[in-house]
Amino acid sequence: ALVADAAAERFGKESLASYFRTLLQGKDVDGLVRLQALYGLAALRQPVLTELQSINSQGMDFDQSLYLALGLAKAGDWEAARTVYRTAVRPELTFEDNAAWLTNQKDQTRQIKKTALVAVLAGHIRERDDVQALWKYVSRADLREDRDVLEQIVILKDLLMMTNPQLAQV
C-alpha cells in the first residue's frame, strides 16, 4: 500500500489497483490486510471512502487503527483520520527533545518502520508539529531496507506540501 502512496506511477496504477481489489475479494482476508488494501486503493484515488467510513474502529489494534487512518486520509476524510490518529495512534508515541517515536514494539527495526508510517499519517493529516518530531527520529534512524526510503519520500512530500506546495509536485 505504501508503494501506491509514494510512487504509484512507477509501478503501474492499474496493476496495483487490481492487486488490492484481489486482496479484498479473498474469502479469508483478515482485518489488517483489508485495511491495507483499502489504504492502497485510496492512495490510488479509487472510490473507497464510503467503505472506510463504515468501518467501526472500536476494538481495533494499533496496526489496524493506523491503516484505517491512512486510508481515510488518502480518501479525503482528514477529520475522521485525525480523530483516529489522536485517539488510537498518537497516545502510543513518546515525545522527547523535539523528537517522537513509537514505543512498545518488538524490536528496533519494527519501531523505526512503524514510526515512519505514523509520520506518513501525520503528514497526510497536516499535524505539522508531530510530523516534524517524527521526522527528526526517522531521519536519524538506521534504515536498511528500500521500503523505508519510500516512507521517507512520502514524509518529505508532505512536509514540502505544508511549506511550499509547488515544490511538492515533484
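Index from 1, following the sequence. Quick caveat: nothing in here was measured; it's all calculated off a predicted structure.
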Atom OH of Tyr19 with >12 non-hydrogen neighbours under 6.0 angstrom: no
Mind checking the CG-CD spacing from Leu41 to Glu51? Nearest 0.5 Å is all I need. 8.5 Å
Rounded at 0.5 Å granularity, tell me how far CG in Leu68 sits from CZ in Arg34. 9.5 Å
May I have all residue pairs that pass salt bridge (Lys or Arg N to Asp or Glu O under 4.0 Å) and include part of [range], sequence neighbours excluded?
range: residues 18-32; answer: none
range: residues 85-102; answer: Arg86-Glu127, Arg90-Asp130
range: residues 52-68; answer: Asp63-Arg110, Asp63-Lys114

By side chain to side chain contact (heavy atoms under 4.5 Å, CB included) - contacts of Ser18 (at least two apart): Thr22
Can you name the residues that form a side chain to side chain contact (heavy atoms under 4.5 Å, CB included) with Asp129, not counting sequence neighbours? Gln132
Qualifying ring pair (Phe, Tyr, Trp, His ring centres under 6.0 Å) pairs, either residue in residues 98-117, two or more places apart: Trp101-Tyr137
Heavy-atom distance under 4.5 Å between the side chains of [X] and [Y], does that happen here?
X: Ile55; Y: Met60; result: yes
X: Leu38; Y: Phe20; result: no
X: Ile112; Y: Val138; result: no
X: Leu52; Y: Asp77; result: no
X: Lys74; Y: Gln46; result: no
X: Ile125; Y: Val131; result: no

Could you tell me which non-hydrogen atom of [X] sits nearest to which non-hydrogen atom of [Y], and how far apart they are?
X: Ala75; Y: Ala42; result: N-CB, 3.8 Å
X: Ala122; Y: Leu134; result: CB-CD1, 4.0 Å
X: Ala17; Y: Leu44; result: N-CD1, 3.5 Å

Worked verdict on Phe62 versus Val118 for side-chain contact (heavy atoms from CB on, under 4.5 Å): CA-CA 11 Å; Phe62 176 83; Val118 171; 3.9 Å; yes
Find out if a path of hydrophobic residues (ILVMFWY) with successive side-chain heavy-atom gaps under 4.5 Å connects Trp78 to Val48. no
Going hydrophobic residue to hydrophobic residue with side-chain gaps under 4.5 angstrom, can you get from Val33 over to Leu24? yes
Is there a donor-acceptor pair under 3.5 Å between the side chain of Thr115 and the backbone N or O of Leu102? yes
Stepwise side-chain contact (heavy atoms from CB on, under 4.5 Å) check, Thr103 with Gln111: CA-CA 7 Å; Thr103 53; Gln111 179 176 317; 5.8 Å; no
